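Here is the structure we will look at, set down as structure tokens.
These numbers come from a predicted model, not from an experiment.
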Amino acid sequence: MKYTQLGRTGLKVSRLVLGTMNFGPQTDEADSHAIMDAALDAGINYFDTANVYGWGENKGRTEEIIGNWFAKGGERRDKVVLATKVYGNMAADGDAWPNHDKLSALNIRRAVDASLKRLRTDYIDVYQFHHIDRRTPFEEIWQAVDVLVQQGKILYVGSSNFPGYKIAQANEIAARRGGTIGLVSEQCLYNLAERRAEMEVIPAAQEYGLGVIPWSPLQGGLLGGVIKQEVEGGRRASGRAADSLANTAIRAQVQSYEDLLDKHGIEPGEAALAWLLTRPGVTGPIVGPRTAAQLDSALRAVELELSDELLTGLDEIFPGPGPSPEAFAW
């Protein structure tokens with residue numbers, strides 16, 4: 001496994017991030033524990049989760065699965081850089097009681113304690129804001145964070161799904177207040193087929209020293225060889241990938257992508273991950289394996305070297321928006 005610093009911090013993390021969203025809803029506890037063991041054995045030390053994972057009446061279940069894994073011992077907790085998130089409504093019936101969601105100081109305090117209990121640990125390495133809260137000022141958010149850092153409950157803070165201007169606003173206010181280093185990472189939707197983050201989010205992250213953690217690196221399976229799987233009688237596309245393939249122009253684009261990688265003898269999913277690892281500012285993409293085999297495929301991507309010819313071909317099929325502001329101005 002290869003490692004890098006998380007943004008401007010001294011924290012060293014793996015170039016792949018283990019996403020745990022499937023633990024509970026799609027992968028049972030025993031298999032989830034086996035995947036985490038395999039990831040740790042392979043050198044992946046950055047694990048990502050969220051308080052809402054488990055979904056519906058099972059919100060929090062994923063954190064509980066991770067906590068039970070930590071409780072097995074073997075220095076599991078000490079070896080892991082643990083990241084979780086706050087913002088979502090944790091009510092099982094979908095109706096949050098006032099102040100039981102978003103980023104008020106009250107909910108942040110409540111949510112941290114609840115996550116710590118489920119995770120069976122006394123600290124969270126990277127506590128992430130899952131979404132912007134338009135009604136809570138960053139002065140209040142940072143005051144709550146300062147208290148949690150002083151208490152030793154969290155070490156660093158990251159954002160997720162933030163636009164570039166909110167990354168800038170958050171860190172400028174943090175700098176004015178002093179006492180906190182502000183956001184150190186941004187978790188955003190970013191992959192070959194979805195490159196809008198290159199216009200504002202990633203430049204802002206680089207300017208303020210945030211590590212970029214792309215989620216959905218295969219665009220919901222679209223970049224994982226979905227057309228080839230259909231032809232060979234394998235698993236058919238579903239969800240976002242199926243919706244995208246219903247568009248004839250996108251289907252032709254994905255077919256060109258798969259044909260190019262077939263020419264180079266590279267698996268599409270591994271190429272999509274390897275491409276992200278070449279991108280400026282990217283710390284490491286989140287991989288969310290449902291099975292051990294999917295984890296093995298992701299691990300191969302770390303060692304995959306993409307030729308200049310292949311990178312050029314990928315840019316031709318999935319052109320990015322270009323640098324900002326030139327992408328939308330002269």
Side-chain angles (χ1 to χ4, degrees), residues 1 6 11 13-14 16-94 100-101 107-130 148 151-158 160 185 187 213 215 284-299:
M1 179 54 58
L6 180 62
L11 192 63
V13 296
S14 49
L16 287 182
V17 181
L18 182 69
T20 63
M21 188 171 66
N22 292 320
F23 294 175
Q26 298 191 45
T27 307
D28 66 24
E29 181 160 342
D31 288 342
S32 298
H33 286 190
I35 290 172
M36 287 188 280
D37 281 332
L40 203 59
D41 287 344
I44 296 177
N45 75 335
Y46 198 1
F47 288 20
D48 177 79
T49 191
N51 60 354
V52 294
Y53 289 172
W55 310 112
E57 63 183 13
N58 294 312
K59 290 174 183 175
R61 176 59 181 148
T62 302
E63 287 188 332
E64 290 176 349
I65 289 173
I66 297 170
N68 293 340
W69 180 74
F70 286 149
K72 289 183 175 182
E75 297 184 328
R76 285 176 171 83
R77 178 64 189 95
D78 289 342
K79 292 179 179 178
V80 167
V81 173
L82 175 63
T84 192
K85 308 182 193 75
V86 59
Y87 178 86
N89 166 13
M90 291 296 290
D93 60 6
H100 277 67
D101 63 357
N107 188 56
I108 287 174
R109 176 180 176 177
R110 177 185 291 117
V112 164
D113 287 342
S115 285
L116 289 171
K117 183 177 180 180
R118 287 189 294 265
L119 290 163
R120 301 176 71 170
T121 184
D122 56 4
Y123 70 100
I124 294 163
D125 296 289
V126 186
Y127 199 51
Q128 301 163 122
F129 307 135
H130 213 162
L148 294 173
Q151 292 174 336
K153 292 181 179 180
I154 64 174
L155 302 181
Y156 303 94
V157 175
S160 182
S185 64
Q187 194 176 119
I213 313 293
W215 62 265
I286 296 175
V287 296
R290 294 187 302 274
T291 65
Q294 291 177 344
L295 176 62
D296 289 340
S297 176
L299 289 168

Q. Are the side chain of Arg61 and the backbone of Glu64 linked by a donor-acceptor contact shorter than 3.5 Å?
A. no
Q) What pair of heavy atoms forms the shortest contact from Val52 to Gly88, and how long is it? A) CG1-CA, 3.7 Å
(Q) Just to verify, what does Lys117 make a side-chain contact (heavy atoms from CB on, under 4.5 Å) with, not counting sequence neighbours? (A) none
Q.
Set out, in order, the CA-CA distance, both residues' side-chain angles and the distance that settles side chain to side chain contact (heavy atoms under 4.5 Å, CB included) for Asp48 and Ile213, then state yes or no.
A. CA-CA 10 Å; Asp48 177 79; Ile213 313 293; over 6 Å; no
Q: Check whether any side-chain heavy atom of Asn22 lies under 4.5 Å from a side-chain heavy atom of Ile35, and answer yes or no.
A: no
Q) Gln128 and Ser160: side-chain donor and acceptor closer than 3.5 Å? A) no
(Q) Any non-hydrogen side-chain atom of Pro285 less than 4.5 Å from a side-chain atom of Leu16? (A) yes
Q. So Asn107 and Arg110, side chain to side chain contact (heavy atoms under 4.5 Å, CB included) or not? Walk me through it.
A. CA-CA 5 Å; Asn107 188 56; Arg110 177 185 291 117; 4.1 Å; yes
(Q) Between Leu82 and Arg77, is the side chain to side chain contact (heavy atoms under 4.5 Å, CB included) condition met? List the steps. (A) CA-CA 8 Å; Leu82 175 63; Arg77 178 64 189 95; 3.7 Å; yes
Q) Distance from Gln187 atom CD to Lys85 atom NZ, nearest 0.5 Å? A) 4.0 Å
Q | Side chain proximity check, Asn45 to Val13, heavy atoms < 4.5 angstrom | A | yes
Q: Verify the distance criterion only: is there a donor paired with an acceptor across the side chains of Tyr127 and Lys153 at less than 3.5 Å?
A: no
Q. Quick one: are the ring centres of Phe23 and Trp69 less than 6.0 Å apart?
A. no
Q) Looking only at heavy atoms, what is the nearest atom pair of Met90 and Gly60, with distance? A) CE-N, 4.1 Å
Q) Do you know the tightest heavy-atom contact between Ser14 and Gly43? A) CB-O, 3.8 Å
Q: Step by step, work out the side chain to side chain contact (heavy atoms under 4.5 Å, CB included) result for Phe129 and Ile108.
A: CA-CA 9 Å; Phe129 307 135; Ile108 287 174; 4.3 Å; yes
Q. Between Leu18 and Leu40, is any pair of side-chain heavy atoms under 4.5 Å apart?
A. no
Q.
Once rounded to the nearest 0.5 Å, what's the spacing between atom CD1 of Ile65 and atom CD of Glu29?
A. 5.0 Å
Q.
One pair to check against salt bridge (Lys or Arg N to Asp or Glu O under 4.0 Å): Lys79 and Asp41. What are the steps and the verdict?
A. CA-CA 11 Å; Lys79 292 179 179 178; Asp41 287 344; over 6 Å; no
(Q) Would you compute the distance between atom CG of Asn51 and atom NE2 of His130 and round it to the nearest 0.5 angstrom? (A) 8.5 Å
Q: Consider only side-chain N and O atoms of Thr62 and Thr20, and report whether a donor and an acceptor are under 3.5 Å apart.
A: no
Q. To the nearest 0.5 Å, what is the distance between OH (Tyr156) and CD1 (Ile154)?
A. 12.0 Å
Q. Looking at NE2 of His33 and CG of Asp37, how far apart are the two atoms once the value is rounded to the nearest 0.5 Å?
A. 8.5 Å
Q | Asp125 to Val80 - nearest heavy-atom pair and separation | A | OD2-O, 3.4 Å
Q | Side-chain heavy atoms of Val17 within contact of Phe47, under 4.5 Å | A | no
Q) With the threshold set at 4.0 Å, does a side-chain nitrogen-carboxylate oxygen contact exist between Asp31 and Arg290? A) no
Q: To the nearest 0.5 Å, tell me how far Ile44 CD1 sits from Tyr46 OH.
A: 13.0 Å
